[in-house]
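Below is one structure; the comments refer to it alone.
Note that ligands are numbered from 1 as they come in the structure, with each ligand's atoms numbered from 1 the same way. Heavy-atom basis, side chains included; hydrogens, waters and symmetry copies ignored. FYI, the numbering just counts along the sequence from 1.
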Amino acid sequence: MRRYNVTTFGCQMNAHDSERIKGMLEELGLGEAPRLEDADLIVFNTCTIREKAESRLAAHLGLAKALKDADPGRLLAVGGCFAEVQREHLFEQFPQVDFAFGPGSIAELGEWLKAERNGARGSFGSGGERRFAAELPFRRERPFQAWVQVSMGCNSVCSYCIVPTVRGKQISRPAEKVLAEVRALAADGVREITLLGQNVNSYGRDLPAAERVTFAELLRSCDRVDGVERIRFTSPHPKDFRSDLIAAMAECESVCEHAHLPAQSGSSRILKAMRRTYDRERFLSLAAEMRERIPDLALTTDLIVGFPGETGEDFEQTLSLVEQAAFDGAYTFVYSPRYDTEAASLPDQVPEEVKRERIERLIELVQSIAGERNRARIGSTEQVLVEGPSRTDETLLRGRTRRNTTVNFAGTAKAGELAEVRVENATSTTLRGAQVVSSPA
Ligand code: SAH
Ligand code: SF4
Ligand code: F3S
């Protein structure tokens, strides 16, 4: 049997797409090779969000080249966002690549292999009509957790971001298709679903009027599906986070008390240059409304430092936003100029050493606030979905709370079960605890 190996870079949408790539390859009779070295077909599902993503990929492509030089029968396919954005230059730059495909044409990897057009090296998926990866066969990594794609593409025009160029305009999946998938997953034993979209809460806007459903309504429908105990979604955009969505989060029992709400900056001036369409005040009032309506909410975010023209004062505003919003966690990024984005050609690019200094200060503040917030949970009991053994200590189990914090804990629960865990210790990113086994009444 021929064997494949898939390496995934980038965001959760790529993780979702890789499960489809694997599913499709298995339907074609290939088996998984745990190591790259043992694979007849090497697939890289790539990301291009920041320059760093590309340098990591270049290292992998170098390794794949060495493997191909040793055994020219091997095939190398490159999918995802880097492939899409580089389609003109990919084969020139990396002659070791046999086949490439964008995120909207994953099915074509299967078609290419099936047609045994493997001789047609240096070919690219048609890039014709984009198809939902969600509709392809899949192989899920965890039996009890699943991604559910609700839309593809993004209609925003954030001036730093390459995603709209790569993934195109937003197309929403009809609600019945999303719900049918959620029901099938529940029947299959899935307990936690994460609804995915580049701008997940702009879901539905592009659907024809007769079948238009808002994201809040979709969330409520998912909540009514029996068997699904936890619903998450990512990433929402602050501009579309309205009161109906906050109400749905507050009222739906299975929707978790966590929102990942990317702020990007705390300076209204920079937010405007980023074309985020909200300002500092609007973000903070939204955060306050969410915290008020959803007790126990964990609020996490994405932040960028060193956007062109960001002054020391703008950066101080980001620091003070972190304090005021009291984020439970944040992904922090150094601004990275991307091909053909508006921001890449702005004057006043911030020098590297200034970016470095700012990100260090930002990380320190984020960690200190997150640590404080996590330590406030010591003594409480949290519901944890068990994911398996702890990564750092085999005698412990690992899982996540509804607020999406990782917990390492002593206990006897099995992967996929919900356990009650008493929190005993905390860092800025993880909790420590022990399972509470309720005594029979
Ligand atoms: N669609 C999602 C996430 C997009 S990418 C959203 O809008 O919420 C994830 C994060 O990468 C973004 O939130 C942003 O913080 C960061 N990012 C995107 N482009 C970037 C760039 N050019 N440089 C640095 N960080 C970037
Ligand atoms: Fe990029 Fe903005 Fe779209 Fe997010 S909303 S994917 S940051 S353009
Ligand atoms: Fe990267 Fe594409 Fe996701 S650029 S972050 S893999 S949408």
Q. What part of Tyr160 sits under 4.0 Å from ligand 1 if we count only heavy atoms: the side chain, the backbone, both or neither?
A. both
Q. Where does Ser336 meet ligand 1, judged by heavy-atom distances below 4.0 Å: at the side chain, the backbone, both, or neither?
A. both
Q) Can you tell which of Arg276, Lys52, Met13 gets a heavy atom nearest to atom 7 (O) of ligand 1? A)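 It is Arg276 whose heavy atom sits nearest to atom 7 (O) of ligand 1.
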Top protein contact for [atom], by heavy-atom distance:
atom	answer
atom 10 (C) of ligand 1	Asp302 OD2, 3.4 Å
atom 17 (N) of ligand 1	Arg50 NH1, 3.4 Å
atom 5 (S) of ligand 1	Ile49 CD1, 3.5 Å
atom 3 (C) of ligand 1	Ser235 OG, 4.2 Å
atom 1 (N) of ligand 1	Gln198 O, 2.6 Å

Q: Within a distance under 4.0 Å of any heavy atom of Cys158, pick out the atoms of ligand 2 and give their elements.
A: 2 (Fe), 5 (S), 7 (S), 8 (S)
(Q) Using a distance threshold of 2.8 Å, state whether an N, O or S atom of Cys47 lies below it from atom 3 (Fe) of ligand 3. (A) no
Q | Ring centre gap for His60 and Phe9 strictly below 6.0 Å | A | yes
Q: Please could you name the atoms of ligand 1 that Val334 approaches to less than 4.0 Å, counting only its heavy atoms?
A: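 Once the distances to Val334 are compared, the set is 23 (N), 24 (C).
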Q | ligand 1 atoms in contact with Gln264 (distance to a heavy atom under 4.0 Å) | A |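 Near Gln264, the atoms of ligand 1 are 12 (C), 13 (O), 14 (C), 15 (O).
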Q | Asn199 near ligand 1 by a heavy-atom separation under 4.0 Å | A |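 No.
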Q: Return yes when Val163 approaches ligand 1 closer than 4.0 angstrom through a heavy atom, no otherwise.
A: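 No.
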Q) Counting only heavy atoms, which portion of Met13 has something under 4.0 Å from ligand 3: side chain, backbone, both, or neither? A)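 No part of Met13 comes within reach of ligand 3.
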**Q.** Residue portion contacting ligand 3 (non-hydrogen atoms closer than 4.0 Å) for Cys81
**A.**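 Side chain only.
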